Structure formats: C-alpha cells, structure tokens
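Scroll down for the structure; my scribbles are underneath it.
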Amino acid sequence: MYLSKIFAPRLRETPQDADTLSGQLMLRAGLVRKSASGIYTYLTLGLRAKQRIEDIVREEMNSHGAQEILMPLLMPAEPWQATGRWELYGDEMFKLTDRKGRPFCLGPTHEELVTATVGSERHSYKELPLNLYHITNKYRDEIRPRFGLIRSREFTMKDAYSFDRDETGLEATYQRMFEAYNNIFRRVGLTFRPIQADSGAIGGNSSHEFTVEADNGECSYAACDSCGYAANVELSRARPACDPDPVCGARPLPDLVATPGVHSIEQVTACFAVPPWAVLKSLLYIADGKPWLVVLRGDDEINEVKLLKAVQARECRMATDEEVSTALGVHPGSVGPVGVAVSRIVDESVRDDAAYIVGSGRDGFHTRNVFLGRDFTSTVTADIRTVHAGDICPVCGHSLHTATGIEVGHTFKLGTKYSVPLHANYVDEDGSEKPYVMGCYGIGIGRTLAAVIEQHHDEKGIIWPMSVAPFHVIVIPLNKGEDTIWHAACSLYDSLEEAGIDVVLDDRDESAGIKFNDADLLGFPIQVVIGNSFLKTGNFEVALRADKKEKVLVSAQAACESIIRLIQTAP
RNA sequence: CGGGGUGUGGCGUAGCUUGGUAACGCGCAUGGUUUGGGACCAUGAGAUCGGUGGUUCAAAUCCACUCGCCCCGACCA
C-alpha cells in the first residue's frame with residue numbers, strides 16, 4: 001500500500017489521556033482511535049496486527065484439537081439465570097431488552113451459551129473430547145476502563161470450551177491447550193510466564209494465567225527464579241522468611257503493659273523494640289454478615305480472596321470503627337484475640353510456640369507473652385496472608401520476587417460447574433447420562449496486541465515482531481522529485497508486492513526526517529532507504545527496525561530476494 | 001459509587017482570576033523554493049468556546065443544572 005493512502009492518522013504529540021506506553025503508541029501510530037471510554041475503533045494498521053495475532057491463534061488452536069465456531073454476542077438471559085450469573089455479574093454485564101421486553105445481554109463470556117448449545121444434543125462418549133472456540137467481541141461494563149486496550153469495555157477474545165468424559169480426559173485436553181498457549185505467545189513475540197491462578201468469577205478448581213511482565217499490569221504474582229514456581233498473589237502459598245524465636249522451656253505469663261497512644265504496628269514495634277513479626281494484628285471483618293476476628297503477624301497484610309475461601313463466604317469487608325466498639329468494646333487500635341466472643345481466623349504463619357505482643361482488648365494497653373493455644377485459640381486456621389517479595393518459595397525454599405503483569409490468557413478447569421445446572425450430559429458407555437467435564441481457555445486478543453507493543457518499542461516508536469507486523473517492509477524513497485530514485489522505489493515495491501510481501505511505499509513528498517520518524521513510529525520490521533547514495537552506487541540500504549546498526553547495502557537487483565529472505569528467517 | 005480534575009478549529013494549548021464578541025503552535029489547502037533525521041516563504045479554509053438554563057447593556061469568562069472524558073480508590077479477566 002501507499003503510505004499516503006493508509007488510514008493511519010499519526011499524532012505528533014503524545015496524547016495526554018493515554019495512560020500506558022502501548023496506549024500512547026497505538027494512538028500516535030494511528031492503530032486505533034477511541035470512540036468512548038473503553039471502546040476503540042481499530043484502524044487499518046491496528047486491525048492488520050490484530051488479525052495476525054488471530055491467525056496465529058487459529059493455527060495453534062486448530063492444530064491442538066479445537067475447532068472454530070461463532071456464537072452471538074447478543075444472547076438471551078435464560079442460561080445465565082440458570083447458572084445464577086445473571087445476578088452474579090451484576091452491573092458489569094451490559095443488559096438490554098428486546099421490543100417484547102424479553103431480557104438479553106451482550107456476552108461478557110460464553111460458558112452458558114456453549115454449554116447450552118452442546119448440551120442440547122446427546123453426544124456419545126465416543127465423540128469426546130469436543131473443543132470449540134470462537135474469536136469475537138466481549139462486553140463488560142467495567143467500573144473503570146483504563147490502560148488502553150488492556151482494560152476495555154468492548155474487547156476481542158478468543159475463548160475455547162472443552163467437553164470431556166472425565167477428569168482424565170480434561171487433564172489431557174488442558175495439557176494440549178497449555179501447549180497451544182505456549183506456542184501462541186512465543187510466536188507473537190512475547191516473553192511471558194504461566195502462573196497458577198485463582199479462577200475468579202468464572203469458577204472451577206484449577207487454572208493458569210499467562211502473564212506478560214509489565215509495570216502497568218494489573219495482575220500481581222510471586223515467582224521463584226530458582227524452580228520456576230509462579231502464582232498469582234491471590235493464591236500463592238509462600239511462607240514468610242522470618243519467624244519469631246520459639247520459646248523453649250517455661251512460658252512466661254501474659255503481661256499487661258500500659259501503652260498510651262500506641263495503636264499502629266509501627267508504634268508497637270517501636271514501643272517494645274521488637275520486629276514486626278513478633279506482634280500480632282487483629283482485624284475485625286464482616287464476611288457474609290458474620291463477624292470474624294482476623295489474626296495475622298504484624299508484618300503481614302490480609303488477602304481477602306483467601307479469607308473468603310477460608311470462611312466460605314461470598315463477600316467481606318472490614319468492620320467500621322463503630323462495629324468494632326460494639327462487638328469488642330475497644331477502639332480498633334487496641335483489639336486483641338484474647339478473650340473475645342467472636343470467631344477467630346488465624347493465619348497459619350502464627351506459631352503456637354512463640355510469645356507475641358497483642359492488643360489487650362482494653363484501650364491504652366497491650367499484652368505481651370501471649371501464646372496461641374494457651375491464651376487464645378483459633379476457630380479456623382488458614383493461609384490468609386498476602387505474599388511479599390522475599391518470602392520462601394513453597395516448592396524449593398528459595399526466595400520469591402513479586403512482579404506485576406498483563407494477563408493475556410487464562411486457562412481453567414471448570415469441571416461440571418456449568419454442565420450440571422444446564423443439564424449438559426453425554427451418554428456414557430453404560431448408557432447412562434453424565435455431565436460433561438469442562439475446561440475453558442481464553443486469550444485477550446487486544447490485550448495481547450497491547451502487550452506486544454509494551455514489550456517491543458523504543459523512544460521512537462513501535463518495533464513490530466515480524467509475526468505481528470501489519471506490514472513487513474517499508475520502502476522509503478528520499479527526494480521523490482528525483483525520477484531515478486522514485487522509479488527504483490516503485491520497481492522494488494512492485495516486485496515485493498508480486499512476491500506476496502506486505503509492503504508499504506512512502507510515496508509522500510516529505511522531508512527525510514519526517515519519513516524516517518514515521519517509519520520508526522509505525523515500526524515495520526524492515527526499512528529500505530533509497531536516497532542520494534543510490535544515485536552514486538546503485539545500492540539500497542536495508543535496515544532492521546530493531547537494530548539500525550545492522551544496515552546493509554544491497555544492489556537494486558538483489559534487494560527483493562534478500563528482503564524476502566530476511567522476512568522468512570525472522571525469529 | 002466516593003474524592004479530584006477537565007471540556008475552546010482535526011490535534012495540542014492560551015484566554016477565564018479582573019465579562020467587551022476568540023489567540024498561538026502543529027496539521028490541512030494552493031503556489032513557489034527545498035529534500036539523508038520532524039525545512040522555508042506567501043496566501044487561504046476551518047471554532048456560535050461540551051449542552052441547557054440563568055445573571056448582565058454585554059458571557060469562553062460569573063452562577064445553577066446536566067453530559068462526556070481523565071486521574072485516585074473500591075471492584076474486576
């Protein structure tokens with residue numbers, strides 16, 4: 001294509017309301033335009049890059065046992081009501097009614113619809129496994145869309161759903177998908193990490209997130225460089241690195257100490273000159289309306305996802321100051337676990353052989369030499385802390401680091417969570433009907449595109465990996481007015497086109513600086529410059545966007561062939 | 001939903017405090033000179049200042065309401 005004809009309006013200045021590098025570059029390079037908060041139009045170049053990713057996804061899905069279908073975006077409420085997610089999704093779901101008043105939604109995902117569709121037939125076990133996917137838009141009315149295409153309200157997703165006879169079959173299908181995902185993200189040029197994840201609202205009992213390390217990612221995880229263990233912080237079961245010394249022999253009795261004005265953990269550690277892990281913090285939580293006293297080490301923070309799981313509740317919040325006073329008779333800064341009437345949930349890192357300092361339950365006092373088991377007991381003991389950097393890897397014992405990433409893919413084992421309520425059964429060997437054992441596998445296409453740009457850019461602009469580049473090569477004639485140069489450029493452009501190469505010709509009558517800067521901004525992997533030196537030597541300059549120093553001079557005759565070779569041998 | 005911002009030619013902004021009928025840069029159009037890292041000259045088109053209502057002789061400017069967008073938080077793949 002001729003550059004002057006491509007609808008890719010560039011922005012010279014960095015758009016102010018773009019909050020990520022990828023978002024800024026997509027706007028600046030004319031890949032996308034925003035039409036509303038969290039809703040984007042893909043322009044020519046953005047669409048082409050998106051389609052490259054989709055093509056790679058299709059190839060890998062197809063070759064790993066999945067088949068493509070296409071489900072509607074607009075779907076009736078019934079299956080959603082059957083699984084309870086019509087209410088569960090709440091305001092995040094775009095809901096609407098048709099002219100007869102029948103409720104519909106714009107699909108935020110498609111578990112219900114596939115399950116209902118597959119379940120409406122009675123398949124034999126002989127036909128399993130079945131793995132269906134589609135690539136289509138999803139709609140979620142996010143509370144706060146942000147980070148460009150990374151968190152938007154309309155987004156393109158590849159979602160696959162597998163139907164197996166049993167857990168063994170699901171495990172095999174899951175492994176195939178896991179392999180496909182690794183191939184996909186490798187081929188689009190991402191460095192990524194599959195991590196163990198919480199399965200969130202989708203449900204199920206085992207899952208992995210594929211994350212791309214990025215500063216503005218929204219997914220926090222803990223990873224071990226030594227053994228490769230990696231898990232979402234919501235889930236990670238690492239242990240703290242430091243522990244209080246166990247008390248051997250006689251245990252000192254609790255000792256009430258006046259601590260006027262001392263409330264925070266920081267103040268307590270300063271007042272007693274002890275490390276924070278020798279102090280316990282006690283927080284009153286309300287989980288599904290029931291109060292729980294949460295007991296953690298002073299240096300830990302609660303992880304509400306773990307808490308919900310541990311007390312089997314759907315929602316929780318911290319109690320207000322008033323609720324604390326009513327339930328425990330003290331102000332929040334002096335709450336302690338000893339002698340309280342409410343249930344206690346104690347983090348498993350709290351030892352029963354160490355002396356802790358705790359709030360005394362009386363304003364202005366703390367108690368030291370408090371032992372778990374002797375002075376207070378736990379109603380529930382569970383892992384409810386948030387993992388920090390430096391914690392001990394639960395697999396190999398080395399130190400963990402934490403990072404944030406963009407979640408580009410997610411795989412779940414769903415089990416029968418959807419097949420049972422939707423009565424999606426197959427006929428087994430013995431003639432009985434059994435629910436499908438399902439899996440679900442998503443890839444955010446737009447997010448993946450954004451992640452590619454996050455990982456492949458420099459101060460000048462995008463540096464497309466060959467596999468995702470909207471065009472592979474840009475031919476840049478400098479001084480278009482010079483006929484020899486212009487004709488040579490056109491002739492190279494024509495032969496590349498004929499060879500099936502996606503090539504752009506910068507046909508604009510612009511100065512060299514503008515052409516170079518635009519070529520860098522748009523990020524096509526190969527740049528061919530035809531300038532005054534061509535008049536003298538008959539050579540084109542072929543350079544890689546990724547590494548301008550690797551500039552090679554190629555004769556006009558050999559250029560086409562060597563460019564094709566460069567494209568074919570690209571990583 | 002709470003807190004904080006913001007809205008002025010296509011884009012980025014100034015003007016608002018102290019009301020007097022819209023300015024600058026980029027881009028765009030035409031002609032000319034240019035052409036190896038964001039050239040120059042000349043000419044020109046383009047905004048009833050987010051919307052509605054109010055105050056006033058007079059509103060981009062003051063007041064009220066409203067809508068959009070952005071940031072922080074809660075929430076979430």
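The model shown is predicted, which means the values in this text are computed figures rather than measured ones.
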[N] phosphate, OP1 or OP2: any side-chain N/O from [X] under 4.0 angstrom?
| X | N | value |
| --- | --- | --- |
| A:Ser511 | B:A39 | yes |
| A:Arg144 | B:C71 | yes |
| A:Lys460 | B:G37 | no |

ask   = A:Arg545 and A:Asp458: salt bridge (Lys or Arg N to Asp or Glu O under 4.0 Å), yes or no, with the steps?
value = CA-CA 10 Å; A:Arg545 171 65 178 88; A:Asp458 61 15; 2.8 Å; yes
ask   = Between the side chains of A:Ser236 and A:Tyr229, is a donor N or O closer than 3.5 angstrom to an acceptor N or O?
value = yes
ask   = Does a donor on one side chain and an acceptor on the other come within less than 3.5 Å for A:Thr156 and A:Asn137?
value = yes
Atom-pair distance ([atom1] on [X]; [atom2] on [N]), nearest Å:
| X | N | atom1 | atom2 | value |
| --- | --- | --- | --- | --- |
| A:Asp458 | B:G37 | CG | P | 18 Å |
| A:Asp507 | B:U35 | CG | C1' | 16 Å |
| A:Arg146 | B:C72 | CZ | P | 6 Å |

Could you check which of [options] has an atom nearest any side-chain atom of [X]?
| X | options | result |
| --- | --- | --- |
| A:Asn532 | B:G36, B:A77, B:G73 | B:G36 |
| A:Arg140 | B:A77, B:G36, B:C69 | B:A77 |
| A:Ser37 | B:A77, B:G36, B:C69 | B:C69 |
| A:Ala512 | B:G37, B:C1, B:A77 | B:G37 |
| A:Ile514 | B:C70, B:G38, B:C71 | B:G38 |
| A:Glu407 | B:G36, B:G73, B:A77 | B:A77 |
| A:Lys34 | B:C69, B:U35, B:A77 | B:C69 |
| A:Arg153 | B:U34, B:C69, B:G36 | B:C69 |
| A:Glu209 | B:A77, B:C70, B:G36 | B:A77 |
| A:Asp518 | B:G38, B:C1, B:G36 | B:G38 |

task = State whether the distance check finds a donor on one side and an acceptor on the other, under 3.5 Å, for side chain A:Asn479 versus base B:G36.
result = no
request  = Using a 3.5 Å limit on both pairing distances, list the dot-bracket string of RNA chain B from the 5' end; Watson-Crick and G-U wobble pairs count, crossing pairs take [ ], interstrand pairs take |.
outcome  = ((((((((.[[[[.)....(..]]]].((((((.....)))))).....[[[[[..)....]]]]])))))))....
ask   = Roughly how far, to the nearest 0.5 Å, is the CD atom of A:Gln175 from the CG atom of A:Leu170?
value = 10.0 Å
message = Against A:Tyr174, only a single residue in A:Lys413, A:His208, A:Glu179 fulfils side chain to side chain donor-acceptor pair (under 3.5 Å); can you say which?
response = A:His208
remark   = Within residues 6-14 of chain A, the residues having a heavy atom closer than 4.0 Å to RNA chain B are A:Arg12, A:Glu13
Short heteroatom pairs, N/O only, protein and nucleotides 31-33 of chain B, under 3.5 Å:
none

query = Of A:Gly513 and A:Ser35, whose closest RNA chain B nucleotide lies nearer the 5' terminus?
reply = A:Gly513
query = Planes under 30° and centres closer than 5.5 Å, is that true for A:Phe412 with the base of B:A77?
reply = no
